[in-house]
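All values reported here derive from a predicted model rather than from experimental measurement. Whatever order the structure lists them in is the order used to number ligands and atoms, beginning at 1. Starting from 1, each residue takes its place in the sequence as its number.
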Amino acid sequence: MLRTHSCGELRLEHVQTKVKLAGWVQRVRNKGGLIWVDLRDRYGVTQLIFEEGSTDKALLEKAAQLGREFVIQAEGTVIERTSKNDKIPTGSIEIKVDSLNVLNPAKVPPFIIEDETDGGDDLRMKYRYLDLRRGVVREKLQLRHRMMQETRKYMDAANFIEVETPVLIKSTPEGARDFVVPSRVNPGEFYALPQSPQTFKQLLMVSGFDRYFQIVKCFRDEDLRADRQPEFTQIDCEMSFVEQEDILSTFEGLTRHLFREVKGIELEEVQRMTFADAMKFYGNDKPDLRFDMKFVELNELAQGKGFGIFDAAELVVGICAKGAAEYTRKQLDALTDWVKRPQIGAKGLVYVKYNADGSLKSTVDKFYSSEDLQSWADAFGAEPGDLMLVLSGDAKTVRKQLSELRLKMGEELGLRDRTVFKPLWVVDFPLFEWDEETQRYHAMHHPFTSPKKEDIALLESDPGAVRANAYDLVINGVEIGGGSIRIHDRPTQQLMFKHLGFSEEEAQKQFGFLMEAFEYGAPPHGGIAFGFDRLCAIFGGSDSIRDYIAFPKNNSGRDVMIDSPSTIAQDQLEELSIRVQLKK
Ligand code: ASP
């Protein structure tokens, strides 16, 4: 071994021990006759000291030649530091070096490899392997590792079997575009990369596996955002002979286990909310329950008083921001501008201040008496000191806008504490979602989701009103996972495809294998998948999943480190029988 200890290991109790360490030079401080080197490895940083007088001259000179990120091996004795550093675990000791071996010199790195760095995002992505040397970055992957191990522990203990499913498959509709791979031996034919292992895990249930899980890569060709990557990881699961309740309790158990083992947090009860209530009270199917600020509908109180904008609106709805009556004119104008930005798209913002002295002041005093405004305040359960914010318009649009405003107010009032975790099951999702663009229904979850028995009659008459046995786990306003009880018989699956606008031939061509399997004794089954990267980000208190992925892609789906995607050689194309003709 090139070392006796790691760089994170030595403490006062090791004083006088002879040790050998190896690692990277994080920093050199050269005070002439005195040189300190911070030596880093995966486990931490240990200070080396070279001192004129007690260190021989050649060694001192050698130390003076060290540059950032040189890989070295140092032998010496652990001594107590005169001035201790309580910020690092090894801060009470240092190593008095008596032999130094440069294992590999290094070019000057493009940015400083310390927790505080001068490297911008792009540069750090290009040299991700250097960025990963930084403790703060490495810790995120260590958290991911812990989460993975704990997930496997829990799933194994609960009798789930980890089964790998293929990566070269054909389209599994999860609502995104497929990434495709050309087949050389089948010219003109393509595999699709799995958007999820959905059909395979269902087939495993038909095979009798009963409880399956997999920590698995999925691929979706979508527009990228901070919390999306073209390839991402799911904790994917499926269970047989279960009802919705069994799945919710099993995965509530997993969530609880992870919080307990990884964060030392005992999770409170996971609330439940129907999709309909989530939309009505939060304008959103993934409400952030760290704060209240529920929507209050004001149609009855606010319409018919001569205020044309409210009178013409399908919905007048608002929120009450506790303690925000002190917002200045300037702050309120800024909020108004904020809701009017094209990203939100509201026409304007009506506010009512419930002043500390009990008086009410609004932007619509012309139309509403103070009794009117008091009735609004009562509806909101507002108290002196609160600020009511009201939007109006077409119901669907205005709910969405108010949902954004609610989150913004939560942020401004400091109610979205990253150390607080509010998990929630959203249940009873609609089976279908109307798509304006294509003018047809899409499966809200995916086409294998079963409708609620009591709603099956509505399939023909009012498809939009059919509810599904589908559920999402939401934590702090982030969708962590979703799943459903599946269809497990051919006629229902066929009916579903029909409603989704598939012709019989199309359905047969794409999913004939699954429907056929359903005819060979498919057990009732259901499952769920958690977005593993997101779960890690939530645990780490971050908005971006990218930090939790060793080698992520940038906003244009590019890996700038290996420079991919890239063109391929002409003979590779020939072999694949592909001619590339880019559209202008
Ligand atoms: N395959 C689904 C998804 O990726 C999860 C599930 O229904 O189990 O969202």
Verify whether one side chain among Glu252 and Trp425 offers a donor that lies under 3.5 Å from an acceptor in the other.
->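 Trp425 and Glu252 do have a side-chain donor-acceptor pair below 3.5 Å.
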Taking heavy atoms and a distance under 4.0 Å, where does Arg486 meet ligand 1: side chain, backbone, both or neither?
->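 Side chain only; the backbone of Arg486 stays clear of ligand 1.
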Tell me which part of Gln195 gets within contact of ligand 1: side chain, backbone, both or neither, using heavy atoms under 4.0 Å.
->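 It is neither part, as no heavy atom is under 4.0 Å.
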Looking only at heavy atoms, what is the nearest atom pair of Pro187 and Ser577, with distance?
->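 Smallest interatomic distance, heavy atoms only, reads CB-OG, 3.5 Å.
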Kindly indicate, with the supporting measurements, whether the criterion side-chain hydrogen bond (donor to acceptor under 3.5 Å, both in side chains) is fulfilled by Asn469 and Lys452.
-> CA-CA 6 Å; Asn469 289 313; Lys452 281 200 182 291; 3.2 Å; yes
State whether Glu454 and Arg467 are salt-bridged, where the test is any N-O pair (Lys NZ or Arg NE/NH1/NH2 against Asp/Glu carboxylate O) under 4.0 Å.
->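 A salt bridge is present here (some side-chain N lies under 4.0 Å from a carboxylate O).
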Could you tell me whether Asp533 and Arg144 have a side-chain N and a carboxylate O separated by less than 4.0 Å?
->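 The answer is yes: the pair qualifies as a salt bridge.
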Atoms of ligand 1 less than 4.0 Å from [X] heavy atoms?
X: Ile528; value: 8 (O)
X: Arg220; value: 3 (C), 4 (O)
X: Lys201; value: 6 (C), 8 (O)
X: Gln234; value: 3 (C), 4 (O)
X: His445; value: 5 (C), 6 (C), 7 (O), 9 (O)
X: Gly483; value: 6 (C), 7 (O)
X: Gly527; value: 8 (O)
X: Ala529; value: 5 (C), 8 (O)

Considering only non-hydrogen protein atoms, determine which one is nearest to atom 5 (C) of ligand 1 and report residue, atom name and distance to 0.1 Å.
->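 Residue, atom and distance for the closest contact: Gly482 O, 3.4 Å.
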Among all protein heavy atoms, pick the one closest to atom 9 (O) of ligand 1 and tell me residue, atom and distance.
->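 The protein heavy atom lying closest is Glu174 OE1, 3.6 Å.
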Passing candidate, side chain to side chain contact (heavy atoms under 4.5 Å, CB included) with Leu473, options Leu254, Thr255, Leu248, Val426 =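 Testing each of Leu254, Thr255, Leu248, Val426 against Leu473, the sole residue satisfying side chain to side chain contact (heavy atoms under 4.5 Å, CB included) is Thr255.
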Which residues share a side chain to side chain contact (heavy atoms under 4.5 Å, CB included) with Ile265, sequence neighbours left out |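 Testing Ile265 for side chain to side chain contact (heavy atoms under 4.5 Å, CB included), a comparison that skips the adjacent residues, returns Phe259, Lys263, Phe421.
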Tell me whether the guanidinium CZ or amine NZ of Arg406 lies under 6.0 angstrom from the six-membered ring centre of Phe291 and within 45° of its axis.
->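 Yes; both conditions hold, so Arg406 lies above the ring face of Phe291.
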Could you check Gln234 against Phe532 for side-chain contact (heavy atoms from CB on, under 4.5 Å), going step by step and ending with a plain yes or no?
-> CA-CA 5 Å; Gln234 285 190 342; Phe532 184 63; 5.9 Å; no
Should Glu238 be counted as touching ligand 1, given the test is an N or O pair under 3.5 Å?
->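 N/O-N/O distance under 3.5 Å: no.
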